[in-house]
Number of protein chains: 2
Amino acid sequence: MTAHSHAKPDLTKNQGLVFGALTGAEGPLTAYAILDLLRDDGFRAPLQVYRALDKLVEIGLVHRLESLNAFVACSHPVDCGEHKTAAFAICEDCGKVDEFAPDAALQSLQAWSRQEKFALAKTTIELRGTCANCTTS
Amino acid sequence: MTAHSHAKPDLTKNQGLVFGALTGAEGPLTAYAILDLLRDDGFRAPLQVYRALDKLVEIGLVHRLESLNAFVACSHPVDCGEHKTAAFAICEDCGKVDEFAPDAALQSLQAWSRQEKFALAKTTIELRGTCANCTTS
DNA sequence: CCTATAACGTAACACTATAACATTTCGGAG
DNA sequence: CTCCGAAATGTTATAGTGTTACGTTATAGG
Ligand SMILES: [Zn+2]
Ligand SMILES: [Zn+2]
Ligand SMILES: [Zn+2]
Ligand SMILES: [Zn+2]
């Protein structure tokens, strides 16, 4: 592993291609949209995309948007270290996604989990609505 | 249809069947699981299920779980009136879902929306983990 | 080199959801 | 009662999303 490369050092070819497609996109992409984008790069089957996505999500470079069945590149700096649970505000007009850290909401949900003795593993928070840009325009 | 069914009065036949399937189930059901449950009642195509589900979700009797692509009957009393956004704790062990009102979390997310001028339309909050019952057993 | 592991390629399949179009049901206007 | 429009329904086909299965290839460590 090279010393201080701020690029993703350990991505394989397919993972790099998928991650590139996501970072190059304005908004989230479905797995099949990614597949179409990467046909010229040799992608032929959805599994190639899903396998890369699985790894990228596991690493934390990509998030899955459950309410869209789509994926988006993490908007955090590469080396922000511990990437806590993120929340997403999805504009239903322009399709853009704003990722943010819902600290207070998370604390409240963790408190609920403690009280109910629910062993929390993963939290999904997705907001749907219209972004400021689309409201004013 | 019998006289004084204490079921919701304004449901159509298909809506009633689908709602009955969901209330009779231990946990959430996918649309196709509902379809299979209702084959003996004349259901033949997914659209029959999806149409009923659309209406039931619109009415507020049923919730869609985005992270499961499944549906669950609302656990609130039928006439609880304004049904605010609900949150769901999904046990990955037994599959049961606990619906609750995440008031504090919602307030925090609404505050974020105000600050970002994001016109919030719908909020999805889904917790994954292991319920108390499955942890102790 | 040898081997274990991860990544990759390909085809087939399973699951989730909607489009399109015809038909039926039902309540209100005339 | 009859007519009409809206809502609900029935049916077929198709689109979109995700996984299983199996075989091959690249990679790193001993
Ligand atoms: Zn992120
Ligand atoms: Zn927008
Ligand atoms: Zn509810
Ligand atoms: Zn459980």
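So that the names make sense, note that chain A is the first sequence line, chain B the second, and so on, each numbered from 1.
In this structure, B:D36 atom CG and C:dA14 atom P are separated by 14 Å, rounded to whole Å. What separates CG of B:D54 from P of C:dA19 is a distance of 11 Å, to the nearest Å. In this structure, B:D41 places its CG atom 13 Å from P of D:dT9, rounding to the nearest Å. A:L53 places its CG atom 12 Å from the C1' atom of D:dT17, with the value rounded to the nearest Å. When the C1' atom of D:dA28 is taken as reference, atom CG of A:D10 falls 15 Å away, rounded to whole Å. Following rounding to the nearest Å, A:I34 (CD1) and D:dT17 (P) show an atom-to-atom distance of 11 Å. The nearest whole Å value for the distance from the CG atom in A:L68 to the P atom in D:dG16 is 16 Å. In this structure, B:Y50 atom OH and D:dA8 atom C1' are separated by 19 Å, rounded to whole Å.
Inter-axis angle, ends of the helix from C:dC1-D:dG30 to C:dG30-D:dC1, five pairs per end, rounded to 10 degrees: 30°.
Considering every non-hydrogen atom in both A:A119 and B:T135, the closest pair reads CB-OG1, 4.5 Å. The shortest heavy-atom contact between B:T23 and B:A73 is CG2-CB, 3.8 Å. Shortest non-hydrogen contact noted between B:L65 and B:P28 is CD1-CB, 3.8 Å. Residues B:R64 and B:E66 approach most closely at NE-OE1, 3.2 Å, considering heavy atoms. Nearest heavy atom pair, residue B:C131 against residue A:F118, reads CA-CD1, 3.7 Å.
Contact check, B:N69 against C:dC15: no side-chain N or O comes under 4.0 Å of OP1 or OP2.
The environment of A:D36 atom CG is dense: over 12 non-hydrogen atoms of other residues, nucleotides or ligands sit within 6.0 angstrom. Atom CG of B:D41 is surrounded by more than 12 heavy atoms from other residues, nucleotides or ligands within 6.0 Å.
Hydrophobic clustering keeps A:V97 apart from A:F19 (ILVMFWY residues linked when any side-chain heavy atoms are closer than 4.5 Å, directly or through intermediates).
Where A:P46 and B:Y32 meet DNA chain D, the nucleotide closest to each residue was compared, and B:Y32 sits on the side nearer the 5' end.
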For nucleotides 5-11 of chain C, tabulate all protein N/O to nucleotide N/O atom pairs closer than 3.5 Å, reporting atom names and distance.
from: C:dC8; atom 1: OP1; to: A:T12; atom 2: OG1; distance (Å): 2.7
from: C:dC8; atom 1: OP1; to: A:N14; atom 2: N; distance (Å): 3.3
from: C:dC8; atom 1: N4; to: A:R51; atom 2: NH1; distance (Å): 3.4
from: C:dG9; atom 1: OP2; to: A:N14; atom 2: ND2; distance (Å): 3.0
from: C:dG9; atom 1: OP2; to: A:Q48; atom 2: NE2; distance (Å): 2.4
from: C:dG9; atom 1: N7; to: A:R51; atom 2: NH2; distance (Å): 2.5
from: C:dG9; atom 1: O6; to: A:R51; atom 2: NH1; distance (Å): 3.2
from: C:dG9; atom 1: O6; to: A:R51; atom 2: NH2; distance (Å): 3.2

Can you name the atoms? Protein N/O to nucleotides 24-27 of chain C N/O, anything below 3.5 Å, with the distance.
none

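Below 30°, between 30° and 60°, or above 60°: for B:F100 and A:W112 the angle between ring planes is below 30°, a parallel geometry.
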Derivation and outcome, salt bridge (charged side-chain N to carboxylate O under 4.0 Å, His left out), residues B:E126 and B:R128 | CA-CA 7 Å; B:E126 296 180 14; B:R128 306 292 287 266; 5.5 Å; no
Going through the checks in order, is the side-chain contact (heavy atoms from CB on, under 4.5 Å) test met by A:F88 and A:I125?
-> CA-CA 7 Å; A:F88 304 91; A:I125 300 179; over 6 Å; no
